[in-house]
Structures are given as C-alpha cells and as structure tokens.
Amino acid sequence: MSRSFWHSKRRRGRNRQQNPAFRQSNSNERYTAGTSRGPQDSGHHDAQAPSTSSSTAAESSVPELPGFYFDPEKNRYFRLLPGHNNCNPLTKEGIRHREMESRRLQLLQQEDKQEKKITRMGFNASSILRKNQLGILNITSYCRLSHELRVSCMERKKVEIQSADPSALASDRFNFILADTSSDRLFTVNDVQIGGSKYGIINLQGLKAPTFRVHMHENLYFTNRKVNSVCWASLSHLDSHILLCLMGLAETPGCATLLPASLFVSNHQAGTDQPGMLCSFRIPGAWSCAWCLNTQADNCFSTGLSRRILLTNVVTGHRQLYGTNSDVLAQQFAVKTPLLFNGCRSGEIFAIDLRSPSQGTGWKGMRIFHDSAVTSVRVLKEEQYLIASDMAGKIKLWDLRATKCVVRQYEGHVNEYAYLPLHVHEEEGILVAVGQDCYTRIWSLHDAHLLRTIPSPYPTSKANIPSVAFSSRLGGPQGAPGLLMAVQKDLYCFSYSSFCPGHLEEGR
C-alpha cells in the first residue's frame with residue numbers, strides 16, 4: 001500500500017473521533033457493552049455509588065451494572081453520582097419513589113376498573129357454593145371463604161361528610177379514626193392548619209349506597225399537643241367516653257383525658273343532656289392506653305409510660321405503678337381473665353396479673369419476644385392466642401398456652417419505624433393493617449393468606465399513611481359491611497361489590 005493511503009486513513013479516523021455525534025454513539029456502545037461484563041470489569045465504579053437496579057429492569061432480565069441505573073423507557077443506562085450539595089437529580093431514593101408511585105397508579109387503575117379478583121386459586125362464587133351443596137365444605141369454611149371473596153370485591157366510593165362548618169372540612173386533615181364497638185360511630189382526630197388537633201365523632205347511620213353520606217359532630221375541644229393513643233371507654237355504659245393520651249409539651253406535663261361522647265352530639269334529647277364525667281389525669285408522657293372491661297378491675301384504665309405502667313381507677317383515683325425495662329408502646333386488657341398484655345420498645349411482650357401487687361416480682365404472667373419494637377398487641381376472643389406487630393414489619397400469631405410457639409406469620413406488612421395499629425376481626429376471619437408504604441393489606445386470619453392489597457388514593461409519604469376501620473355492620477346492626485379509609489381530607493368507603501353473587505348469602 002502507498003504512503004498516501006495510510007495518511008488519508010489516519011485523517012478519517014481523527015475526524016470521526018472529533019465528531020460529537022460519533023463520540024456520543026461510541027459512549028452508548030460502551031454502556032451497552034458493559035452489560036455483558038462481570039462486576040470485576042466495572043469495579044472502579046463501586047466507590048462512586050451503590051449498586052442499584054429498577055424492578056422493571058429485573059423483570060426484563062436486564063443485567064445490573066454497578067454505578068448505573070437502567071431506564072426502561074429510554075432503554076439505556078444512566079450513571080448514578082454521589083449527589084453533592086443535592087445537585088444530583090438521579091438518586092437512589094428518587095428512583096425508588098418514582099417506581100413506587102408508578103406501581104401505585106397502576107393498582108389504582110385496576111381498582112377503578114372494578115374487575116373480579118380471585119383470592120385463592122380454584123375458588124370463586126360458583127365453586128364455593130357448589131362445594132357447600134355437595135357437603136365438601138362445612139358451614140364454617142363456607143362462610144369464611146365466601147366472606148373472603150366479598151372482601152376481595154370491595155369497591156371504593158368517596159364519602160360525603162356533612163358538618164355545621166363545611167370550611168373546616170376543606171382544610172383539616174384526618175390524623176386517625178377509631179370505630180366504636182357497634183360500628184355506628186367513628187371518633188376522629190384531625191390536624192388543624194393553625195397547629196394542634198381537634199376531635200369529632202362521625203355518625204355512620206347514613207352510610208348507605210348509593211349516596212354514602214355521613215354527618216360529623218364537632219365541639220370546641222382541641223389540643224396543641226400530640227395525641228399518642230386513643231381508645232373507647234365504657235364508664236357509665238358501653239362506649240360512653242373516649243380515653244385520650246396526650247404527650248407533654250415544654251413545661252406542660254402529659255395527661256390522660258376522658259371525654260364524654262355526648263359532648264359531640266349537638267341536639268340532646270330530653271333527659272339525656274347531661275355530659276357525664278369529664279376528667280383529666282396528669283401523667284408523664286404516655287405512649288399507649290387501654291380501657292379494662294373485666295369486672296375484677298372495673299372503671300380502670302392503663303397507660304403505657306416510659307419504663308412504667310400506670311393503672312388508674314377513674315372513680316376512686318387509686319393508682320398502681322409497675323416498673324418495666326422499656327417503653328410500653330402497646331396495651332390491651334383481657335376480658336375473661338384479669339390480665340393486661342403489654343408490648344415494649346425492646347420487643348418484649350408480657351402480661352400483668354391485676355390481682356398481684358405492684359411491689360414484688362410475681363406480677364409478670366408470661367413473656368414472649370419480638371426482634372423489634374412492638375407497636376400493637378391484640379388478644380383473640382378465646383384469649384388463647386395473641387397477635388403482635390413490630391417495627392420490622394413482622395406480624396405474628398402466638399399461642400399463649402405455649403408461649404414460645406409462633407402459630408403463623410402474616411407476610412407483606414411494611415414498617416421500619418412507624419407506630420402502626422392492627423385491626424383484628426374474628427367474626428369475619430380477617431386481619432387488616434396499613435403499612436408504612438401506605439398500602440392497606442387484608443389477610444385471612446385462618447391461614448395468613450394475603451387476600452387483598454389496597455393502594456392509597458394519595459402519593460406515598462409519611463403524612464399520607466391512611467387510617468382504617470373495618471366492620472361487617474358499618475352504621476349499626478342494619479349497616480352494610482365494608483372498610484372505611486381516612487387519608488388527608490377525604491373519607492372513603494370500600495363497600496361490598498355487586499360482582500359477588502347474592503346466592504352466596506342464600507347458601508348459608
């Protein structure tokens with residue numbers, strides 16, 4: 001070959017390398033080629049950013065490249081930088097949040113389509129009814145499976161809230177809601193714009209299809225302190241009062257307050273306009289509270305404090321103090337036996353025999369342990385089993401007769417540090433919990449099968465974690481079954497759908 005041929009080839013090579021379009025194409029080729037190399041070939045990126053990959057990339061079997069993020073929409077890799085001075089627009093948290101929001105919107109679209117859902121493979125309305133007629137299913141299993149099928153078909157409807165002050169409804173946010181024993185009233189704690197919280201009671205008797213209207217009764221009671229725990233109290237009659245535990249603020253100590261439910265009713269009937277007992281007890285900052293329905297400790301409530309448990313008699317004012325090794329975050333009284341079950345920040349769950357004196361060492365009835373802080377404890381009706389959840393997202397069913405035995409575990413719950421309650425409904429055979437990811441999950445209490453996952457109508461955030469209440473009789477004995485969800489300023493009702501045939505009820 002001649003010397004002029006080699007000179008012309010070098011000039012063409014230099015021109016191609018100086019061309020910006022060629023350099024960008026060559027860079028893309030390097031990123032694509034990097035997908036076939038092992039981790040040792042890209043080891044110099046490990047110190048710059050953690051390895052990550054999206055769920056979409058995993059589903060399409062795209063190899064993971066350390067230090068890079070694969071965008072399935074643009075079908076290429078992008079480099080992840082440390083993000084100094086918050087200038088990096090592409091971070092690991094931002095990518096995760098975008099993927100979660102995309103998944104939430106997809107699930108909401110599926111919910112809006114109101115398609116039939118299958119809770120268990122091989123079980124639908126026709127097969128359940130047929131197996132019941134053939135005698136394959138007994139009446140208990142038939143009722144449980146048919147109810148699971150109806151839970152999976154619940155439809156979301158927005159509830160219209162009526163109040164004497166409509167402007168307040170448009171500005172106040174729901175903090176949490178709590179239904180009473182008969183599920184005809186809903187106690188609410190709302191965050192107000194000026195700071196603090198106010199209380200209200202929603203009458204659910206008008207919660208019927210197709211309008212779904214309810215009325216909220218409010219009063220002038222509000223607080224600028226954090227409401228840590230709330231429960232219904234039966235002082236003069238069933239669910240006559242509401243017990244609230246408030247954290248201390250600056251020089252103001254914490255307190256436990258008993259509010260009569262009659263304070264929230266605007267039109268008192270003749271002879272029933274007495275508000276009842278309104279009292280407040282000064283206590284250190286309380287994490288939890290519980291009202292006792294056992295006759296051996298009548299008119300008593302408990303508050304879980306920092307390393308202490310305080311048992312108070314409302315009528316006599318008598319107090320018993322029990323010392324613990326950790327903060328008590330969850331409490332519930334047993335009804336048949338005089339026991340108080342407590343869940344602690346250390347992960348310990350123990351029972352207190354109310355007949356034992358607080359001084360001494362023999363007042364702990366049983367002890368079981370979780371690996372993380374316990375946020376909720378629920379004793380089942382026969383008081384032989386206990387369900388507890390913790391800040392690691394674990395929900396376990398314990399056999400109280402053999403305290404080291406975990407009967408079953410309910411998978412899927414998400415929690416890292418939040419104080420989240422459990423909702424157990426033995427009559428319907430379901431367990432409901434809202435995770436820190438703002439998804440409401442419903443499990444079968446019988447075998448821990450996940451029946452449904454409900455996305456939040458609002459984007460996932462710490463301030464948008466929904467508060468829920470489930471009942472088979474929303475609005476009283478003649479009410480309809482369903483789930484109530486309060487999030488931000490809205491209240492939603494997930495009622496049973498017409499997709500589930502009515503002959504399921506006839507088969508009973």
Side-chain angles (χ1 to χ4, degrees), residues 154 156-193 196-223 227 229-234 237-244 257-269 272 275-276 421 423 425 432 434 440 456-458 464-496:
M154 292 188 303
R156 185 182 75 248
K157 301 291 183 182
K158 191 172 182 179
V159 179
E160 179 184 351
I161 305 176
Q162 300 175 342
S163 174
D165 187 8
S167 61
L169 295 177
S171 59
D172 301 340
R173 295 164 48 97
F174 283 103
N175 192 332
F176 56 84
I177 58 177
L178 182 66
D180 64 356
T181 305
S182 59
S183 299
D184 59 354
R185 292 175 301 173
L186 202 68
F187 181 75
T188 66
V189 178
N190 296 69
D191 295 332
V192 297
Q193 286 185 335
S197 302
K198 71 175 185 179
Y199 317 126
I201 285 184
I202 295 179
N203 188 348
L204 300 178
Q205 294 179 359
L207 191 68
K208 297 179 181 179
T211 55
F212 292 101
R213 291 195 186 103
V214 295
H215 187 82
M216 173 177 280
H217 301 280
E218 300 173 325
N219 60 17
L220 299 178
Y221 283 91
F222 71 95
T223 179
V227 181
S229 183
V230 174
C231 69
W232 285 91
S234 303
H237 55 84
L238 184 63
D239 298 336
S240 61
H241 289 67
I242 301 103
L243 176 63
L244 301 100
T257 303
L258 271 174
L259 289 179
S262 58
L263 289 177
F264 298 88
V265 181
S266 57
N267 50 349
H268 298 291
Q269 298 178 359
T272 61
H423 307 273
H425 303 275
V432 183
V434 181
T440 303
S456 172
Y458 286 89
N464 290 343
I465 298 179
S467 180
V468 299
F470 183 89
S471 175
S472 59
R473 296 178 299 272
L474 286 176
Q478 304 300 324
L483 175 78
L484 287 174
M485 175 186 293
V487 54
Q488 283 204 6
K489 305 169 187 177
D490 299 326
L491 182 66
Y492 297 91
C493 179
F494 291 77
S495 60
Y496 279 9

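Residue numbers start at 1 and run along the sequence shown. Not measured: the values here are computed from a predicted model. What's counted below: heavy atoms across the whole structure, side chains too, no hydrogens, waters or symmetry copies.
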Note: A233 and L258 closest approach over all heavy atoms is CB-CD2, 3.8 Å
Nearest heavy-atom contact between I177 and A486 is CG2-CB, 3.8 Å
Residues at least two apart in sequence or cross-chain that pass side-chain contact (heavy atoms from CB on, under 4.5 Å) with S456, listed by chain then number, are C438, Y458, P466, V487
Across all chains, not counting sequence neighbours, the ring-ring contact (aromatic ring centres under 6.0 Å, His included) partners of F470 are H425
| query | Under a 4.5 Å cut-off applied to non-hydrogen side-chain atoms, are L178 and I242 in contact? | reply | no
- Task: Please answer whether the main-chain N or O of L244 pairs with a side-chain N or O of T257 as donor and acceptor at a distance below 3.5 Å.
- Result: no
In short, V189 meets S197 closest at the heavy-atom pair CG1-CB, 3.8 Å
Taken in chain and number order and not counting sequence neighbours, the residues that satisfy salt bridge (charged side-chain N to carboxylate O under 4.0 Å, His left out) with K158 are D490
Worked check of side-chain contact (heavy atoms from CB on, under 4.5 Å) between L484 and L204: CA-CA 10 Å; L484 287 174; L204 300 178; 3.9 Å; yes
Sorted by chain and number, sequence neighbours left out, side-chain contact (heavy atoms from CB on, under 4.5 Å) with S234 holds for L238, D239, W291, L293
d(Y199 OH, F264 CZ) to nearest 0.5 Å is 8.5 Å
Would you check if R185 and W232 make a side-chain contact, meaning some heavy-atom pair closer than 4.5 Å?
yes
When rounded to the nearest 0.5 Å, the distance separating SG of C231 from CG of D180 is 12.5 Å
- Do F212 and S495 touch side chain to side chain, with heavy atoms closer than 4.5 Å? yes
Those residues at least two apart in sequence (or on a different chain) that pass side chain to side chain donor-acceptor pair (under 3.5 Å) with K198 are D172, E218
Here the pair of heavy atoms bringing I161 nearest to M216 is CG2-CB, 4.0 Å
Closest non-hydrogen atoms of L186 and A469, given as atom of the first, atom of the second and distance, are CD1-CB, 4.1 Å
Between the SG atom in C493 and the CG atom in L207, the distance rounded to the nearest 0.5 Å is 4.5 Å
So NE2 of H215 and CD of Q162: to nearest 0.5 Å the spacing works out to 7.5 Å
Output yes when a side-chain donor or acceptor of T188 lies under 3.5 Å from a complementary backbone atom of G200, and no otherwise. yes
- [ ] May I ask you to test the V159-M485 pair for a side-chain heavy-atom distance under 4.5 Å?
- [x] no
Between the CG atom in N175 and the CG atom in N190, the distance rounded to the nearest 0.5 Å is 8.0 Å
CD1 (I202) and CZ (F174) are apart, to the nearest 0.5 Å, by 4.5 Å
With sequence neighbours left out, the residues meeting salt bridge (charged side-chain N to carboxylate O under 4.0 Å, His left out) with D184 are none
